[in-house]
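Values reported hereafter were calculated over all heavy atoms of this structure, with side chains retained and with hydrogens, waters and symmetry mates removed. Everything quoted here is computed from the prediction, not taken from an experiment.
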Amino acid sequence: MTGRVQAVRGMNDLLPETVDTWQGVERSAREVFGQYGYREIRFPLVEKTELYARSIGEATDIVEKEMYSFQDRNGESLTLRPEGTAGCVRAGIENGLFYNQVQRLWYAGPMFRHERPQKGRYRQFHQIGVEAYGMPGPDIDIELILLTARLWRVLGLKGLRLDLNSLGTPESRAGYRSALIDYLSMRRHELDEDSLRRLSTNPLRVLDSKNPSLRDVIEQAPELPAFLDEESRTHFAAVQSCLADAGVKFVVNPRLVRGLDYYNRTVFEWTSDRLGAQAAVCAGGRYDGLVQQLGGDDVPAVGFAIGMERLVELLRVDGEAADAHPRLHAYMVTADPSATCSAIRLAEELRGRSLRVLLHCGGGSLKSQLRRADRSGAHCAILVSKEMPVAVKMLATGTQTEMERSAVGDYLQLHCSDHGS
RNA sequence: GUGGCUGUAGCUCAGUCGGUAGAGUCCCGGAUUGUGAUUCCGGUUGUCGCGGGUUCGAGCCCCGUCAGCCACCCCA
């Protein structure tokens, strides 16, 4: 046991039992995305560091202190992706996906951020993301939100809360930002340490402060909606009325600010009160300027990402959707070692008929082999011996039937369905 | 990055005042002369996270370190 190597902090193993749930979620997501006409895109886990610096924002925590960056052998700085949008945009530009066309894309996979691990927050975590390009109107914003609502329904998830806000155009957001800085600077002697720091890094975040003594300052602060330009205002109004029309409940939250610099106009966030401090299961918004900022045409875009670990945690608590792995049809045991070749041949025949057959390996008494058969969860055990015909024993009832090996396949298909007993 | 709590068998945990470590579970074997769930009997589980210090003696006290959990912060 000495010198044993541990996993990297905040990077977890997913054991088979958990993977069953993950696969169930992934399958549901794939199905729902397909219903809306979205197609999967895959892009690298590693990109040039510059890509993230230019898209997420130089002054954000992610870029400043959370990226896994390293020097490639040629001296170039590379980074393990901390989120998916930047890579997706880069891939789209590079492959001409945005040239005079609309794209509906999704992706899934691991992301990396060097944060202090806690519940719902890991250094390697997984996101499922959806991105839509080339559509400037509120209709596509609504489509994305309806898509998420449908996914929750399919998964059997209830009690999530949807918060909505509009950040306006970069210009109106900048106008608000400077008005807020002016106001907060005026009352800076009332701010706590955290808020003073945020004042210079991300002033909109000050409004999120949980410090009760700042309540007064925050309540009297200028509000973002007042700074919205006319177009953003109508856009946001359309999003709201259409969502209400579609029967989706939401709360307009003027303090909702996404952390990444590229967001504008509609932003939204689904949260749960059962996840502790990391409550956001799914969040996203519009990022109309990003494609151009990364060297592409002026292509409008909207997207969101789902935190897999958080979603799975919610399903573990109250979900119904856990997708059990399919049961084995048969666990095959041998009454004596000389029957091994014959058992292997029969197992292969059965697998050729799409049956799931586990062949006992490693010997042992018949008793111990049958015990393993029982614990494997298989519907039945198949006993193969050298001389006698094959015996099929139903493990739930204990009834045992002898038959020629050519009859086993039909017998299993008849008696070992996943739905019946 | 900051703070609080916690690290004992594969898993869940007990371990009193400092005197060289225990239960349940799991696994293996037997009762059952080749036939699995229960029952009964027997058996293996360990650098007490790691390193140092105090002590005649440390799982227990002290320091450091690593890891986990929760919160701050940040975000999916």
Inset, instruction - Answer with base, sugar-phosphate or nothing: what part of the nucleic acid does A:Leu260 contact at a heavy-atom distance below 4.0 Å? - result: sugar-phosphate
Inset, instruction - Classify the side chain of A:Arg116 versus the base of B:C70 as yes if they form a donor-acceptor pair under 3.5 Å and no if they do not. - result: no
Legend entry - Residue pair A:Tyr176 / A:Glu223, side-chain donor-acceptor N/O under 3.5 Å: no
Inset, instruction - Would you mind classifying the nucleic acid contact of A:Arg310 as base, sugar-phosphate or nothing, using non-hydrogen atoms under 4.0 angstrom? - result: base
Inset, instruction - State whether the distance check finds a donor on one side and an acceptor on the other, under 3.5 Å, for side chain A:Lys393 versus base B:U35. - result: yes
Inset, instruction - For A:Ala396, answer base if it contacts any base atom (sugar-phosphate contacts may also be present), sugar-phosphate if it contacts only those atoms, and nothing otherwise; contact means non-hydrogen atoms under 4.0 Å. - result: base
Inset, instruction - Would you indicate what A:Gly364 reaches in the nucleic acid, counting non-hydrogen atoms under 4.0 angstrom: base, sugar-phosphate, or nothing? - result: nothing
Inset, instruction - Could you tell me whether A:Gly276 contacts a base, only the sugar-phosphate backbone, or nothing, with contacts defined as non-hydrogen atoms closer than 4.0 Å? - result: sugar-phosphate
Legend entry - Integer angstrom distance from the C1' of B:U38 to that of B:A21: 32 Å
Inset, instruction - Answer with base, sugar-phosphate or nothing: what part of the nucleic acid does A:Arg375 contact at a heavy-atom distance below 4.0 Å? - result: sugar-phosphate
Inset, instruction - Please indicate whether A:Arg188 has more than 12 foreign heavy atoms, meaning atoms of other residues, nucleotides or ligands, lying under 6.0 Å from its CZ. - result: no
Legend entry - Distance-only donor-acceptor test (3.5 Å): side chain A:Gln400, base B:U35: yes
Inset, instruction - Record whether the side chain of A:Arg121 comes under 3.5 Å of the base of B:C74 through a donor-acceptor pair of N or O atoms. - result: yes
Inset, instruction - Would you check if the distance from the ring center of A:Trp106 to the ring center of A:Phe33 is below 6.0 Å? - result: yes
Inset, instruction - Would you kindly compare A:Trp270 and A:His114 by the position of their nearest RNA chain B nucleotide and give the one closer to the 5′ end? - result: A:His114
Legend entry - Integer angstrom distance from the P of B:G52 to that of B:G15: 28 Å
Inset, instruction - Indicate syn or anti for B:G10, taking the glycosidic torsion and treating anything within 90° of 0 as syn. - result: anti
